[in-house]
Amino acid sequence: MSPSPPSGEARFSKGYEPADVERRWRDFWEEGRSFSPDASLLSGAEPFSIVIPPPNITGNLHMGHALNLTLQDILCRHFRQMGRQVLWVPGEDHAGIATQNVVERRLAQEGKTRHDLGREEFLARVWSWKEEYGNNIRRQIKALGASVDWSRERFTLDEGLSRAVRRVFVRLYNEGLIYRGRYIINWCHRCHTALADDEVEFAPQKTFLWHIRYPLEDGSGALVIATTRPETLLGDSAVAVHPEDGRYARLIGSRVRLPLVDRLIPVIGDSYVDREFGTGALKVTPCHDFNDWNLGQKHGLDFIQILDDEGRTNANAGPFAGLSGEEARRRVVAALEERGLLKKVEDYENNVGHCYRCRSLVEPLVSEQWFVAVRALAARAREAVPAQTRIFPESWGKTYYAWLDNIRDWCISRQIWWGHRIPAWTCGGCGKLLVLEEAPQRCPDCGHASLAQEEDVLDTWFSSALWPFSTLGWPDETPELARFYPTSVLVTGFDILFFWVARMMMLGLHFMDRAPFRHVYLHALVRDAKGRKMSKSEGNAIDPLEMIQKYGTDSLRFTLAAFAAMGRDIRLSEERIEGYRHFMNKIWNASRFSLLNLEASPPDPVDFAAVPGLHHRWILHRLEELKETQAAALPEYRFNDAAQALYVFFWSDFCDWYLECVKPDMRAGEPLRTQARFVLWTVLREAMILLHPFIPFLTSEIWSLLPGAGRDLSSEAFPPLRPACRDAARAGRMAMIQEVIAAARTIRAELGIAPSLRLAAMIRPRDEAARAVLEEQRPLILALARLESLDFDPGSVPRFSAAHMACGNEIIVVLAGAVDQAAEILRLGRELAKLDKERALLQGKLANPGYERKAPPEVVRRDRARVEELLKAEERLKALRDRFAD
RNA sequence: AGGCGCGUAGCUCAGGGGUAGAGCACUUCCUUGACACGGAAGGGGUCAGCAGUUCAAAGCUGCUCGUGCCUACCA
């Protein structure tokens, strides 16, 4: 069955028009549930499974998604052809903070905040956003032609996945791997929530380094510290110096008087302090700096919090209480200056953290949060690479290890509403903390019924971390889980190696006892023409949908595949997409030509290994090589190699040569025509199969028009290998014919002879073997070089003629008299210079004493033969030139 | 500060020990019954620089210069 086509001429227009074709095939694939492995048949063929990196529901797909989906789709379609049972699970991510921000921004336009609506109504608003944008994203995944199994689509907040999240949370809690406590964390004042370490992005900022005097307790002077955050001195509880710093060592154990606050704080020694930086003395504010927090723990210092979760000073700030951070800084600096405690102020540039979702300033804050103790999980995730999971390209392994080796506990609670609410309740009676999968009715200890659930939700990445098994049905023991876990490969950008990949590794290993993927393929980031990361906010994004509209999905897909060389970023250029649209058109027209020369039913079979035509044997040989390249490249994620091989095969070999060779056959009688039809049909047919994973729409359309095509192409198997068609010797003979034809064309072009003019030509073969081949292929040479006649072994070369060498064969074109002889002499001179240069290079190489001894024999033989050939060619060309010069 | 990567044709990029490739752009000719989104023939490159390894280096090694990214506790 095929989609209902428009009939007749419209179906095979002169140029390929993707829009209509794509729409029809999209509908067809969707209706047919073509890509849904039957659950009752989950056995037999070896499985191949991928879980989609779920796009956020915050907006539209960008070019990174287009790349990601294209590469996965190529793999899925390829392995389907290879007979594997393929499952590609689609889905979307609820993207906690990001989505909440988007919806809050929309509310702000109505002049409301989420607090005006209340939790329940706000969540209803987010859900309706999700419906709208979830559909949008689904449409776009379909637009790209992704062969996902929509019947198994999941959403990180759907009922099943929520159950998985609660199960995981409770288990980890009971195992002591999740805990709650007051710690210093990253706090985004704008999003009003905690962030994990990797959700903070650092950016340089111009600021000042304030040098402040802290008077010694005994009044004998002052210790000068340098800081970028003078206002936090209100919460200082020590000054730290390096224990071996000659300037300060004697002060360790003494005390200094904290300016403005007048509190006595100790001077401590710690080798953490960098003697070179600033004054070599460091103020320690355990509640407002990560390092100071560590020092505070280590040295048992006081923890004095002076800023609240709004970033405003609290009662601990004494006279400076109730101010914004900025205002507090201004006033503290002014007060210090007034008292003569500000020694100097330097310009300074430092790195400050920003929220990866809203870009606003992130500051350390001490608060009560939930954490995952990751050390043990991380160790296991580290061990699993490469034992269970191979990373491509391999070099990313180092980065993966480094991150896991230095990992800190993962802060998983977020003070927002959109997400998985933490399944923990506090009993209003006895205060007991209950961590349970389902809401309890009453406290098991005291029987009290007033139980308050945690307000916080989980980090979005917590639910994403379960994706490879939660989407397959876990915690239920589903057939899908048994069959498709671990998945075959995760295809994703390296930018979420830590956020996502490492965490899936940790939780997958912990809960499934197996790493979630056999391979992780990290592809490039798509950047703009200037090499910047494409992003909506920067306004430099190339919209994939716009490209699809302009050039067609297949053009975009093929471009992305051709660009997807491992370990390198992609700078997408629209010109390149346009270039590959031309390729699509070429495929379309070559098929159009083929179909015009085929009949309604498949041609009668011919024994491939016995077809007489050299061009047939050659193209069949090249086809075998192409199959080999593709079958080798795709399992190694060398998409660009496969794409390039397809391009060269189809355009250079098939269109430029084979089709031209076949044209005379089609005008000839039997059996030539039948043979040509069968080989042409076979090659085109198999080329469509090989191209299909890259450009599914165009190939499906052509397939549906091919005689005897049968079912839809997406369920067609990889073409059978034909070892008997591999014939490098014959392919080499064809190469010689091609060169001879090119030689005649070169003469024609360079001497400006009209293409319409049929020329008489002569040929002096290199040797007897070459003579046999050339004589046999005389009709082909006549046709493609547009010759009137081709004589072998002319007794004498006519006075008006031009010559060119091809693989040691001398091609002589007889000119019609009125030809510029001087031009030919010049041309021969250029040709000679070229040959001479090459020969000199080779002879130099051969003259090297070690060469013959150490180089592989076939290389030496080849070079020798080439020199011979060059010498002969030069000799002949010189003779001709001399004669013309007379 | 460490780690990773990149510097190849005018531009965007493949390739990778044994005669330099693609797309776009450029020159000339061609509407030859698939395709002008095309065909044919060309021009254009000391493959960043230097030194090594090798019979042979654009490729491997080291250093230098330029450039990009990631990680990190420089107040």
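A note on names: the letters A, B, ... follow the listed sequences, proteins ahead of strands, and every chain is numbered from 1.
- Applying the salt bridge (Lys or Arg N to Asp or Glu O under 4.0 Å) test to every pair with at least one member in residues 740-755 of chain A, sequence neighbours left out, gives these pairs: E750(A)-R827(A), E750(A)-R830(A).
- Between D495(A) atom CG and G5(B) atom P the separation is 18 Å, expressed in whole Å.
- Residues in residues 225-241 of chain A take part in these salt bridge (Lys or Arg N to Asp or Glu O under 4.0 Å) pairs, two or more places apart or across chains: R229(A)-E231(A), R229(A)-E363(A), E231(A)-R329(A), D236(A)-K283(A).
- Set against U12(B), A56(B), G42(B), the side chain of T746(A) has G42(B) as its closest nucleotide.
- Between the side chains of H615(A) and D665(A), at least one donor N or O lies within less than 3.5 Å of an accepting N or O.
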Quiz item: Base, backbone or nothing for each nucleotide of nucleotides 29-35 of chain B, written B, S, -, heavy atoms under 4.0 angstrom, 5' to 3'?
Solution: -S-B-BB
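- Look at CG on L525(A): it is 16 Å from P on C6(B), rounded to the nearest Å.
- Among the protein residues, Y272(A) comes within range of the nucleic acid bases, having at least one heavy atom under 4.0 Å from a base atom.
- Among the atoms of the strands shown, only primed sugar atoms or phosphate atoms (P, OP1, OP2) are found under 4.0 Å from some heavy atom of W651(A).
- Within 4.0 Å of V648(A), counting heavy atoms only, lies no atom of the nucleic acid at all.
- Nucleotides A20(B) and G2(B) have their P atoms positioned 39 Å apart, rounded to a whole Å.
- When base pairs are accepted only as Watson-Crick or G-U wobble with both N-N or N-O distances under 3.5 Å, RNA chain B takes part in stems of 3 or more pairs at B:1-7 with B:65-71, B:10-13 with B:21-24, B:26-30 with B:38-42, B:48-52 with B:60-64.
- In this structure, Y400(A) has its ring center no closer than 6.0 Å to that of F498(A).
- For the P atoms, the distance from A75(B) to G68(B) is 23 Å, rounded to whole Å.
- Between the CD1 atom of I407(A) and the P atom of U71(B) there is a distance of 13 Å, rounded to whole Å.
- Comparing the P positions of C60(B) and A72(B) gives a spacing of 30 Å, expressed to the nearest Å.
- Between A57(B) and C13(B), the distance separating the two C1' atoms is 22 Å to the nearest Å.
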Could you list the donor-acceptor pairs under 3.5 angstrom formed between side-chain atoms of residues 850-859 of chain A and any protein atom two or more places apart in sequence or on another chain?
| unit_1 | atom_1 | unit_2 | atom_2 | d |
| --- | --- | --- | --- | --- |
| Y851(A) | OH | D863(A) | OD2 | 2.4 |
| E852(A) | OE1 | R864(A) | NH2 | 3.4 |
| E852(A) | OE2 | R864(A) | NH2 | 3.2 |

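- Comparing the C1' positions of A41(B) and A48(B) gives an interatomic distance of 33 Å, to the nearest angstrom.
- Nearer the 5' end of RNA chain B, as judged by each residue's closest nucleotide, is the contact made by S395(A), out of S395(A) and F498(A).
- Rounded to whole Å, atom P of A14(B) lies 13 Å from atom CG of L560(A).
- Remark: W396(A) is not in phosphate contact with U71(B), judged by side-chain N or O atoms under 4.0 Å from OP1 or OP2.
- Here A855(A) lies in heavy-atom contact (under 4.0 Å) with a base.
- Summarising the geometry of L751(A) relative to A802(A), their closest heavy-atom pair is CD1-CB, 3.6 Å, with the distance given to 0.1 Å.
- For the pair L497(A) CG and C4(B) C1', the computed distance is 12 Å after rounding to whole Å.
- Among the atoms of the strands shown, base atoms are found under 4.0 Å from some heavy atom of R581(A).
- When only modelled atom types and interatomic distance are considered, D653(A) and Y658(A) share no side-chain donor-acceptor pair under 3.5 Å.
- Ring geometry, Y16(A) versus W588(A): the interplanar angle falls from 30° to 60°, so the pair is classed tilted.
- Contact annotation: Y348(A) does not reach the phosphate of C74(B) (side-chain N/O to OP1 or OP2, under 4.0 Å).
- At a threshold of 4.0 angstrom between heavy atoms, the contacts of F290(A) with the nucleic acid are absent.
- Comparing the C1' positions of G23(B) and C4(B) gives an interatomic distance of 29 Å, to the nearest angstrom.
- The interatomic distance linking L295(A) (CG) with C74(B) (C1') rounds to 13 Å, in whole Å.
- Among the nucleotides U54(B), U12(B), A75(B), the one closest to the side chain of V273(A) is A75(B).
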Quiz item: If the sugar-phosphate is the primed atoms plus P, OP1 and OP2 and the base is the rest, what is the B/S/- string for nucleotides 19-25 of chain B, using protein heavy atoms under 4.0 Å?
Solution: B---SS-
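- The aromatic rings of F494(A) and W396(A) sit parallel, their planes meeting at an angle under 30°, below the 60° perpendicular limit.
- No more than 12 heavy atoms of other residues, nucleotides or ligands lie within 6.0 Å of CD in Q549(A), so this atom counts as exposed by the packing criterion.
- Checked against a 6.0 Å centroid threshold, the rings of Y356(A) and F202(A) do not count as neighbours.
- Among the atoms of the strands shown, none is found under 4.0 Å from any heavy atom of N406(A).
- Residue-to-nucleotide proximity on RNA chain B shows that, of N848(A) and L209(A), the 5′-proximal contact is made by N848(A).
- Annotation: G7(B) and G17(B) have their P atoms spaced 15 Å apart (nearest Å).
- Here P856(A) lies in heavy-atom contact (under 4.0 Å) with a base.
- Atom CG of L784(A) is separated from atom P of G39(B) by 15 Å (rounded to the nearest Å).
- Side-chain N/O atoms of D270(A) and H299(A) include a donor and acceptor closer than 3.5 Å.
- Note: F558(A) and Y551(A) fail the aromatic proximity criterion, with ring centroids not under 6.0 Å apart.
- Taking the six-membered ring for Trp and the full ring otherwise, the centers of F208(A) and Y348(A) sit at least 6.0 Å from each other.
- Nucleotides G44(B) and C26(B), compared at atom C1', are 9 Å apart to the nearest Å.
- The nearest whole Å value for the distance from the CG atom in L698(A) to the C1' atom in C37(B) is 13 Å.
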